[in-house]
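Remarks on the structure that follows.
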Amino acid sequence: VSRIGTSCEKIIVGDRQIAVKPETVKMDLSDYVSGSVDFFSESSYDLIETPHMMSDEDYYWLLRIVEAEAGEEDVHGRVLVANVILNRQRHKGFPDSVTDVIFQYVNGVPQFSPTYDGSIYTVTVTDQTKEAVRLALTGTDYSDGALFFIMRSAAEKEGVEWFDTDLAWLFKYGVHDFYTYPDEFVSAIPNESI
């Protein structure tokens, strides 16, 4: 037995080779192509209508901060944390990218403690967090415009005092209290004339 040809061809001497005759095969792909065009057309509309599109880096850090801040909360609580990040990203008083919002320091103070204590780097992102972020990115918003949240039981006294004196409280969900700037607070109670 000897081999001839390139390293990719194995031909044994004495083998009979079959000549392949080219035949024209008529295939009708019109339904398949038409269906694919419709699918991609609908998908592109969905993407255009999606409230948030972001870079892979922003998505990566959004997943991690939601897990680090709300990993013990239900999906609703996780959506709320994602909402706050996205609200900040859209607000003129905060950075323009999700990553910059997450890693922002103001007067030497981190805006999100997991970036300071390092837990953002060690969390394992769960399916619940992925679902919560997906919901937030496709328009689910429970936040009433919240730009801040705090877990009072884990916060330093000075931080809690700042929240109470400089911000407008909106609501509590799970372990977090949610706030916004006082001048952006719209009361749910209608003004009554006296």
Side-chain angles (χ1 to χ4, degrees), residues 51-52 54-55 57-126 128-137 139-194:
H52 290 90
M54 63 181 56
S55 69
E57 178 185 29
D58 282 350
Y59 180 69
Y60 173 83
W61 290 115
L62 182 58
L63 287 171
R64 298 188 78 73
I65 196 66
V66 170
E67 187 69 45
E69 289 282 11
E72 299 300 317
E73 296 289 307
D74 62 11
V75 171
H76 186 106
R78 295 173 201 224
V79 169
L80 278 165
V81 169
N83 291 155
V84 168
I85 304 293
L86 297 173
N87 290 347
R88 284 184 174 210
Q89 187 237 341
R90 286 189 302 259
H91 191 278
K92 65 182 185 286
F94 295 93
D96 293 333
S97 79
V98 169
T99 300
D100 290 344
V101 164
I102 292 167
F103 289 98
Q104 182 183 27
Y105 274 63
V106 175
N107 298 325
V109 178
Q111 296 300 288
F112 298 96
S113 60
T115 64
Y116 176 74
D117 67 20
S119 60
I120 194 170
Y121 303 106
T122 60
V123 293
T124 300
V125 176
T126 63
Q128 276 189 305
T129 293
K130 290 176 186 174
E131 175 63 10
V133 167
R134 184 192 67 75
L135 288 169
L137 291 174
T140 302
D141 188 350
Y142 306 124
S143 72
D144 292 336
L147 295 169
F148 303 89
F149 61 86
I150 188 171
M151 184 190 309
R152 288 178 171 275
S153 62
E156 295 178 8
K157 182 180 176 185
E158 299 82 24
V160 173
E161 288 173 359
W162 180 80
F163 272 76
D164 290 340
T165 59
D166 292 0
L167 298 175
W169 182 83
L170 294 171
F171 60 90
K172 179 178 178 72
Y173 187 88
V175 299
H176 294 115
D177 286 270
F178 292 83
Y179 296 80
T180 193
Y181 290 124
D183 59 339
E184 296 182 18
F185 177 70
V186 178
S187 177
I189 303 170
N191 293 331
E192 295 181 16
S193 57
I194 297 177

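Heavy-atom basis, side chains included; hydrogens, waters and symmetry copies ignored.
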query: Under the side chain to side chain contact (heavy atoms under 4.5 Å, CB included) criterion, do Val101 and His91 qualify, and how do the steps go?
result: CA-CA 10 Å; Val101 164; His91 191 278; over 6 Å; no
Next item on the list: Decide side chain to side chain contact (heavy atoms under 4.5 Å, CB included) for Phe171 and Leu80; before the verdict, give the C-alpha distance in whole Å, the side-chain angles of both, and the deciding distance to 0.1 Å.
Entry: CA-CA 11 Å; Phe171 60 90; Leu80 278 165; 3.7 Å; yes
Does Arg88 form a side chain to side chain contact (heavy atoms under 4.5 Å, CB included) with Gln111? I'd like the steps, not just the answer.
CA-CA 11 Å; Arg88 284 184 174 210; Gln111 296 300 288; 3.4 Å; yes
Worked verdict on Leu137 versus Leu86 for side chain to side chain contact (heavy atoms under 4.5 Å, CB included) | CA-CA 8 Å; Leu137 291 174; Leu86 297 173; 4.0 Å; yes
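Separation of atoms NE2 (His176) and CD (Glu69) is listed at 5.5 Å; rounding is to 0.5 Å. Interatomic distance, CZ of Phe112 versus CD1 of Ile85, reported as 3.5 Å (0.5 Å rounding). Going from atom CZ of Phe103 over to atom OG of Ser97 covers 10.0 Å, rounded to the nearest 0.5 Å. Put simply, CZ on Phe149 and OH on Tyr173 are 14.5 Å apart, with the number rounded to the nearest 0.5 Å. Note that CZ of Arg134 and OG1 of Thr140 are 7.5 Å apart. Values are rounded to the nearest 0.5 Å. Note that CZ of Arg64 is 7.5 Å distant from OG1 of Thr122, once rounded to the nearest 0.5 Å.
Residues Trp61 and Ile120 meet the side-chain proximity criterion, which asks for heavy atoms closer than 4.5 Å. Using a 4.5 Å heavy-atom cutoff, the side chains of Leu167 and Trp162 are in contact. Side-chain contact between Tyr179 and Asp166 is absent, with no heavy atoms from C-beta onward closer than 4.5 Å.
Side-chain N or O atoms of Asp74 include one that pairs as donor or acceptor with a backbone N or O of His76 at under 3.5 Å. In this structure a side-chain-to-backbone donor-acceptor pair under 3.5 Å is missing from Asp177 to Lys172.
A pairwise comparison of heavy atoms in Gly174 and Glu73 identifies CA-OE1, 3.3 Å as the closest pair. Here the closest non-hydrogen pair linking Ala82 and Ala136 is CB-CB, 3.6 Å. Across all their heavy atoms, Ile102 and Leu62 have their closest contact at CD1-N, 3.8 Å. Counting all heavy atoms, side chain and backbone alike, Gln104 lies closest to Pro95 at OE1-CD, 3.5 Å. Closest approach of Gly71 to Arg78, counting heavy atoms only: O-NH2, 2.7 Å. Smallest separation of non-hydrogen atoms from Ala168 and Pro182: CB-CA, 3.9 Å.
Glu67 and Thr126 share a side-chain donor-acceptor pair at under 3.5 Å.
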Let me check something: any side-chain donor-acceptor pairs from residues 141-148 under 3.5 Å, sequence neighbours excluded? List them with distances.
{"residue": "Asp141", "atom": "OD1", "partner": "Ser143", "partner atom": "N", "Å": "2.8"}
{"residue": "Asp141", "atom": "OD1", "partner": "Ser143", "partner atom": "OG", "Å": "2.6"}
{"residue": "Ser143", "atom": "OG", "partner": "Asn87", "partner atom": "ND2", "Å": "2.9"}
{"residue": "Ser143", "atom": "OG", "partner": "Gly145", "partner atom": "N", "Å": "3.2"}

